[in-house]
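Heads up: the structure comes next, in structure tokens.
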Amino acid sequence: MDTLRTLPGDDVRQIMWRFTDRYDIQMVVQSARSLARGLVARLVAEGARKTHEWTDHKAQLLEAFDTSGLTALFMDPHQGGFIDGPKNLALALVAFELAWVDAGAATCSLATNLALAPIHERGTTEQRDEYMGRCVPPLPGEDRAPFRGAFALTEPLPYVGVETNTLVGKLRVAKWEEGEEPILQVDKRGRFITGMDFANFATCAVDTDDPRIKSSCIVIVEDTDPGLFDRGAPTLKMVHQLSSTRDPVFNLQVPASRIVGGYTVKDGVIVPNFTHSEIIGAVFHRTRVPVALMTTAKLLSAVEPVIRYQRQRFRGGDASEPGTSKYELGLQAKPDSVLRLVDIWAAGEAGASLGFATARLFDQLDPTEKEKDRVFAERGVCGAKSQLTALRKVEKQAIEYLQMEAAPTRDEARFAELGQDTLVRFALLESLANILCPACKLWNTGNGANVMREALALMGGYGITEDCPGFLFYKWTDAQLEATYEGPEAVQRRQLSITMTNEVFLARLRIIIDQFMALGESKPETGAAVVAKGLALWLWTIEFLHRAKDPSGARLYHNRRQNVTFPMADALCWLMASYCQIGDVMELAEKGPENAVVAEGLEGTLGFFTDLSLVQAARAAGEASRVCASMVYGFGPQAAEELDAFDALRSQLDRSMAGAALAKDRAAQALTQVMIPEALDYPL
């Protein structure tokens, strides 16, 4: 039987992550990779991370981002960009490539995009074109420097259990002459703001401190506005040192037209068209995905350095002569080293599958969301709460569409009617995005940081030295910060605890379970049946928790019972990551034979990835089973028939894992034979 010959190349990844037909994205990936393994790697190797200050050494990154095209990636062609349409997958791939070497550089690259994101998502057309146009690098003959930005939030986030009135940044009317545009006073102290050393503008979340302004909003401030634009002291962070981070202070006067999304005046009061929470919700809906993939890149980038270390561990010693097992295989002569590396690789593949699936989903969601907003505007449905109420009314149609899509026969006319309904399409996409987005941010970074520690441990003492190949120690420490970016882990768990009980999502989940059960019967080696059983157990447990009570009579599934809701959110993340991973393996199986490069050696590559998917499925199902058991048995006695039903499902799940250990053995054996380059393609 053929086995994995080489580490997977671009042709394999383009199929699995679905950008084979996107030449523009392939070029962006090559640009990011060249920059990462060139300038970024040199900066790390030369010690640029050893200071909190933003130095000329680090500032080379900005020019490199400009010349490589990464700065303009976020913009549309008419604003100076070069990719038309949604760019979530492109941005995710860039973050992945840069973080393959250093995630601080990736964060630095994304800083201005994050500052522009509120303007991009909710800004007026004039605001979008002005600021995004100013942020692209100058064309030949233009005498200007590119504008750069920072996003100043730092307060607790809405929609996650805290109140929006905890915003400390304030907005007041400074001057408002009859018939003139109001001038606003912005007072804001930022904390841990990325990009402040070189920011020309900042998008600041502020609350109203004036009865003449109705609500919170996000306002744009510039370094040339009258008042104080103090970049503040460098944040003494111990990770991501290739990005600029400071604690700025703003005390500025700006025209009211800087309110993101615009405003109206009603009865002498300035009414922002969007509150800051409405804007942030749209922004973080998307920007969490690249951060999630930063940690995933670390895991997959660790594979090659660890293999190299394991094989060369004993070379140079008297007992290690060329041709001997110790010389050729080193630590890989013993199974434990490669078995543990299989776990790291499998987790990395699952994280990549989950993250890139989410990015692709947002590429579908973006135009649908704009169309949804247009439909609501025509119908006079304004404001987040009104839209939410209106969308709940289409949930039944969305579920009807899902069921018809999965049915062997259906009313085609009705199916087409539902499929063409903008609100139905939006409800379908958003219900899944509301799961995958927090799931990848939570699981990829949180679990990824733990797995990265395992990768470091496989390097022995070498792992914590500065000459450890692949900068693995830096990657492990950086991962701790990525778990907190854009809201700590509790934020993601809080969102999941709400969205994972959405009826549209649960309807989709039931269909996924049926589909994966069928796949598991035809291709048991993929682990599809394991994931299906795991999801079935999770779903049963959710339904049980909604009807069960503890000895005091209190319901088990309740908003405030985070020792119930949060573990169930964690369990779902494991399973969804494995679900996406199997989807990528099936895509490779279907499309691989069509690619001449991939087709050669496909059997071995596909067999290896299939084994990884079964290994990860068994791990994910095991985690979900443990969590579900702790929920069912952990809150006091329950009815015997409930426990019998749970035990039956859990037993089925256990039996579905048959063969997972053998798959791990095969994958480990493959790691002892796979060819790797003579040296890493970036410095030690």
Side-chain angles (χ1 to χ4, degrees), residues 1-5 8 11-18 20 342-343 345-354 356-357 360 402 405-408 436 508-539 574-595 598-625 649 651-671:
M1 183 176 180
D2 202 1
T3 186
L4 184 69
R5 298 178 186 176
D11 293 288
V12 171
R13 293 309 192 187
Q14 288 164 13
I15 292 173
M16 296 180 75
W17 299 338
R18 320 294 203 279
T20 302
V342 166
D343 284 334
W345 196 337
E349 292 296 333
S353 298
L354 177 59
F356 288 122
R360 295 193 301 273
L402 283 174
E405 186 181 44
L436 295 188
R508 184 190 296 273
L509 201 60
R510 293 184 181 95
I511 292 170
I512 289 173
I513 291 170
D514 291 342
Q515 291 173 338
F516 263 47
M517 281 303 300
L519 178 62
E521 289 178 4
S522 62
K523 297 184 180 300
E525 68 277 11
T526 61
V530 183
V531 174
K533 295 289 185 185
L535 287 171
L537 187 72
W538 182 90
L539 184 59
W574 279 91
L575 294 167
M576 294 307 293
S578 197
Y579 160 71
C580 293
Q581 182 180 10
I582 293 171
D584 282 357
V585 173
M586 296 308 299
E587 183 76 8
L588 181 62
E590 180 183 346
K591 303 289 176 57
E594 301 171 4
N595 184 304
V598 177
E600 185 179 0
L602 178 60
E603 180 186 356
T605 304
L606 188 58
F608 179 76
F609 277 114
T610 303
D611 284 336
L612 285 189
S613 70
L614 178 53
V615 168
Q616 187 62 29
R619 178 72 195 281
E623 286 292 323
S625 177
L649 285 173
S651 176
Q652 292 174 21
L653 172 59
D654 289 344
R655 293 188 180 191
S656 72
M657 297 184 200
L662 290 174
K664 193 170 183 177
D665 281 346
R666 287 193 298 271
Q669 178 63 23
L671 286 181

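FYI, side chains are in, hydrogens and waters are out, and symmetry mates aren't considered; it's all heavy atoms of this structure.
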Would you say that [X] contacts [Y] through its side chain, given a criterion of any heavy-atom pair below 4.5 Å between the two side chains?
{"X": "Leu588", "Y": "Val598", "result": "yes"}
{"X": "Phe608", "Y": "Trp345", "result": "yes"}
{"X": "Asp584", "Y": "Phe356", "result": "no"}
{"X": "Asn595", "Y": "Lys591", "result": "no"}
{"X": "Lys533", "Y": "Met517", "result": "yes"}

Looking only at heavy atoms, which two atoms of [X] and [Y] are closest? And how far apart?
{"X": "Trp17", "Y": "Arg360", "value": "O-NH1, 3.4 Å"}
{"X": "Ala589", "Y": "Pro593", "value": "O-CD, 3.4 Å"}
{"X": "Gly592", "Y": "Leu602", "value": "C-CD2, 3.7 Å"}
{"X": "Cys580", "Y": "Ala357", "value": "SG-CB, 4.0 Å"}
{"X": "Leu653", "Y": "Gly534", "value": "CD1-N, 3.7 Å"}

- Query: To the nearest 0.5 Å, how far apart are CG in Leu402 and CG in Leu509?
  - Reply: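 Going from the CG atom of Leu402 to the CG atom of Leu509 covers 11.0 Å.
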- Test side chain to side chain contact (heavy atoms under 4.5 Å, CB included) applied to Ile512 and Arg508, step by step: CA-CA 6 Å; Ile512 289 173; Arg508 184 190 296 273; 4.1 Å; yes
- Item | Contacts of type side-chain contact (heavy atoms from CB on, under 4.5 Å), residue Gln14, not counting sequence neighbours | Asp10, Asp11, Phe19, Thr20, Gln26
- Message: Could you go through Glu349 and Arg13, starting from their C-alpha distance and side-chain angles, then the distance that decides it, and tell me whether this counts as salt bridge (Lys or Arg N to Asp or Glu O under 4.0 Å)?
- Response: CA-CA 11 Å; Glu349 292 296 333; Arg13 293 309 192 187; 2.6 Å; yes
If you look only at distance, which donor and acceptor atoms sit under 3.5 Å apart when one is on a side chain in residues 611-621 and the other is two or more places apart or in another chain?
from	atom 1	to	atom 2	distance (Å)
Asp611	OD1	Arg666	NE	3.2
Asp611	OD1	Arg666	NH2	2.8
Asp611	OD2	Arg666	NE	3.2
Ser613	OG	Thr526	O	2.9
Ser613	OG	Thr610	O	2.7
Gln616	OE1	Ala347	N	3.4

- Item | Any residue meeting ring-ring contact (aromatic ring centres under 6.0 Å, His included) with Phe516, in chain and number order, not counting sequence neighbours |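 Checked Phe516 against ring-ring contact (aromatic ring centres under 6.0 Å, His included); matches are Tyr579.
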- Query: Would you find more than 12 non-hydrogen atoms of other residues, nucleotides or ligands less than 6.0 Å from Glu600 atom CD?
  - Reply: no
- Item | Asp343 with Lys664: basic N within carboxylate O range, under 4.0 Å | yes
- Message: I'd like to know if the side chain of Arg18 and the backbone of Met16 have a donor-acceptor N/O pair within less than 3.5 Å.
- Response: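 Yes; at least one donor-acceptor contact below 3.5 Å.
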